[in-house]
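Fair warning: this is a prediction, and the values are worked out from it, not measured in the lab.
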Amino acid sequence: MLTWGDKAFEAQSPLALHPENGATILRPEIAAVIAAAYDRMMPVAAGDTSHALRLFARLK
């Protein structure tokens with residue numbers, strides 16, 4: 001999975017409760033970031049800031 005910063009989930013958990021059945025789920029916006037990061041056109045790893053911009057561009 002992705003490496004998140006120390007304070008990435010300080011304000012809000014990446015988990016949520018499903019409104020219909022109360023099951024614990026991954027928040028949709030977090031799932032979207034993970035899906036964008038694993039897009040086959042993205043590099044496996046990057047150390048430059050443009051990588052974050054490429055991730056953001058894939059979040060539709």
Peer 1: If hydrophobic clusters are built from ILVMFWY residues whose side chains come within less than 4.5 Å, do Leu2 and Leu59 share one?
Peer 2: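 The answer is yes; both residues are in one hydrophobic cluster.
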
Peer 1: For a quick test of your reading: what N or O donor-acceptor pairs under 3.5 Å do the side chains of residues 42-57 make, sequence neighbours left out?
Peer 2:
residue, atom, partner, partner atom, Å
Asp48, OD1, Ser50, N, 3.1
Asp48, OD1, Ser50, OG, 2.3
Asp48, OD1, His51, N, 3.3
Arg54, NH2, Met41, O, 3.3

Peer 1: When clusters are formed by joining ILVMFWY residues with side-chain heavy atoms under 4.5 Å apart, either directly or through shared neighbours, do Ile25 and Phe9 land in the same one?
Peer 2: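 No, because Ile25 and Phe9 fall into different hydrophobic clusters, even though each may have its own neighbours under 4.5 Å.
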
Peer 1: Per the salt bridge (charged side-chain N to carboxylate O under 4.0 Å, His left out) rule, what does the pair list look like for residues 19-41, sequence neighbours excluded?
Peer 2: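 Passing the test, one end in residues 19-41: Asp39-Arg58.
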
Peer 1: Look up atom CG in Leu26 and atom CG in Leu15, then write down how far apart they are to the nearest 0.5 Å.
Peer 2: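 One finds 6.5 Å between CG of Leu26 and CG of Leu15.
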
Peer 1: Just so I know, are the side chains of Trp4 and Ile30 near enough to count as touching, which here means a heavy-atom distance under 4.5 Å?
Peer 2: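 Yes; the side chains approach each other to less than 4.5 Å.
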
